[in-house]
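Just below is one structure, and these are the notes that go with it.
Side chains included, hydrogens not; waters and symmetry mates left out as well; all remaining heavy atoms used. Fair warning: this is a prediction, and the values are worked out from it, not measured in the lab. Protein chains get the first letters and strands the later ones, always in sequence-line order, with residue 1 at the start of each.
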Protein chains: 2
Amino acid sequence: MAKHDPDLSLLFHALADPTRRSILTRLAETPARVTDLAGPTGLRLPTVMRHLSVLEEAGLITTSKDGRIRTCAIVPEALDPVRTWLDEQRAIWEARLDRLDAFVMQVMKESEE
Amino acid sequence: MAKHDPDLSLLFHALADPTRRSILTRLAETPARVTDLAGPTGLRLPTVMRHLSVLEEAGLITTSKDGRIRTCAIVPEALDPVRTWLDEQRAIWEARLDRLDAFVMQVMKESEE
DNA sequence: GCGATAGTTAGCGACATGGCTAAGCATGAT
DNA sequence: ATCATGCTTAGCCATGTCGCTAACTATCGC
C-alpha cells in the first residue's frame, strides 16, 4: 500500500514515543529551551535534538533560535489531522457496531481455546 | 523518560503505518479473513500477518481461527485511550493558548530568516 | 580575547521494522 | 488418501530508530 498519507504517519510516529509525548506535555505548559527539555528526560542533548526534529518535522512544534538559545513551542492545531482521522474512524466503526457486536461476541467465545 | 505508558506507545506505533491504517479502515466495514486483507495491499501473506499481530498486540483488532480460516475484526473501543490523550492535551494546550499565541506569532516572525 | 554555555554535527552500536522467499502444518474438498 | 487452500514459521536483507560519545561552532559574560 502506498504512502498517500504521509502527514498521519509522521504524526502517529512522532507520538509513538513516550519521551516525545512527555516533551509535548512539558511544552504545553510553556515554551522551553532545548536544555530545559533535556533535563527532566535524563537524555543527552543530541538525543533530545533528534526527538525535537522528529516533532518539528511532524509539525507538532516550532522552534526558533535567539542568539545561542533555541526555544521550542507547541503548534496547537497540529493534532487536528489526528483528531479528524479518529472521528472518521469512529464514525465508520459505530455505523457498523450492530453488525460487529454479534461478531465480536462470537470471537470472544471462540478465543477461549 | 521511562515508558510508563506502554499502551499509548503501542497504539500510536500501530497507527503510524499506512498499511495498518488501511487494514483498520477495511476492517471497519466488515470482518475479514487474512487473505482478504492481503489482497488489496499487494503484500505477501507473512507481511500482512506481521501487521495484523502488531494491530492485535495494540488491542486494535481481535482475531479468531475457525478451521483453517483466521477472521479479523476491529475492537471499537481500542481507540479510546488515544482519544482521551488527545482530549487531555487539547485541554492543556488551549488553557495556555493565550500565552502561546503571542509566542507563536513571535516565532513565525523570527523564522523568516 | 577567554572561558563557559548552548547547540549542532558526525558517527557508532544495538536493536526494531518492513519487505521478501521457502518451507511447514492443518483443514476442507474430492 | 490426496491435493489444494489458508495460514504459520523461520530466516534473510535493507533500512530506520534510539541511545551514546566526541568534537565542532557560536554566542555571552567578563
Side-chain angles (χ1 to χ4, degrees), chain A residues 1-6 8-24 27 31-58 60-73 107 110-111 113, chain B residues 1-6 8-24 27 31-58 60-73 107 110-111 113:
Chain A
M1 197 105 280
K3 37 161 266 173
H4 41 45
D5 231 348
L8 274 180
S9 294
L10 280 180
L11 280 169
F12 279 129
H13 172 249
L15 296 174
D17 185 289
T19 299
R20 286 194 287 267
R21 286 199 304 280
S22 78
I23 288 178
L24 277 185
L27 283 181
R33 304 178 306 159
V34 177
T35 307
D36 293 338
L37 295 172
T41 65
L43 298 176
R44 300 294 179 180
L45 266 189
T47 306
V48 173
M49 287 289 297
R50 258 187 116 81
H51 284 302
L52 290 178
S53 66
V54 169
L55 288 170
E56 190 167 17
E57 276 168 29
L60 285 163
I61 67 173
T62 28
T63 75
S64 73
K65 203 165 174 180
D66 181 14
R68 61 183 161 170
I69 292 180
R70 160 147 277 138
T71 310
C72 312
V107 167
E110 289 177 11
S111 67
E113 51 194 79
Chain B
M1 199 105 280
K3 38 161 264 172
H4 41 42
D5 232 345
L8 274 181
S9 294
L10 280 180
L11 281 169
F12 279 128
H13 172 248
L15 296 173
D17 186 289
T19 300
R20 287 195 287 268
R21 286 199 304 278
S22 78
I23 288 179
L24 276 185
L27 283 180
R33 303 178 308 160
V34 176
T35 307
D36 295 337
L37 295 172
T41 65
L43 298 176
R44 301 292 181 182
L45 266 189
T47 306
V48 173
M49 286 289 299
R50 262 186 111 82
H51 284 302
L52 290 178
S53 65
V54 170
L55 288 170
E56 191 167 18
E57 276 168 30
L60 285 163
I61 67 173
T62 26
T63 75
S64 73
K65 203 164 176 181
D66 181 15
R68 60 182 162 171
I69 292 180
R70 159 147 276 137
T71 309
C72 312
V107 166
E110 288 176 11
S111 67
E113 52 194 75

I need the minimum non-hydrogen distance between [X] and [Y], along with the two atoms involved.
X: B:L11; Y: B:A58; answer: CD2-O, 3.4 Å
X: A:P31; Y: A:T71; answer: CB-CG2, 4.1 Å
X: A:S9; Y: B:R21; answer: OG-NH2, 3.0 Å

Distance check needed: [N] [atom2] versus [X] [atom1], whole Å only.
X: B:D17; N: C:dA16; atom1: CG; atom2: C1'; answer: 13 Å
X: B:L52; N: D:dT9; atom1: CG; atom2: C1'; answer: 15 Å
X: A:M49; N: D:dC20; atom1: CE; atom2: C1'; answer: 16 Å

Would you say [N] has OP1 or OP2 under 4.0 Å from some side-chain N or O of [X]?
X: B:H51; N: C:dT17; answer: no
X: A:R50; N: D:dC20; answer: no
X: B:H13; N: C:dA16; answer: no

Of all the nucleotides listed (C:dA6, D:dG19, C:dG19), which has the minimum atom distance to the side chain of A:L43?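 Nearest listed nucleotide: D:dG19.
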Could you check if a side-chain atom of B:V34 sits within less than 4.5 angstrom of a side-chain atom of B:T63, using non-hydrogen atoms only?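 Of all side-chain heavy-atom pairs linking B:T63 with B:V34, none is under 4.5 Å.
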The criterion is side chain to side chain contact (heavy atoms under 4.5 Å, CB included); which residues satisfy it with A:A32, sequence neighbours excluded?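 A:A32 satisfies side chain to side chain contact (heavy atoms under 4.5 Å, CB included) with A:R26, A:L27, A:D36, A:L37 once adjacent residues are dropped.
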Let me have a per-nucleotide readout for nucleotides 21-30 of chain D, 5' to 3', with B, S or -, counting only protein heavy atoms under 4.0 Å. BB----BS--
Without placing hydrogens or testing angles, list every side-chain donor-acceptor pair under 3.5 Å for residues 42-51 of chain B, not counting sequence neighbours.
unit_1	atom_1	unit_2	atom_2	d
B:H51	ND1	B:R20	NH1	3.1

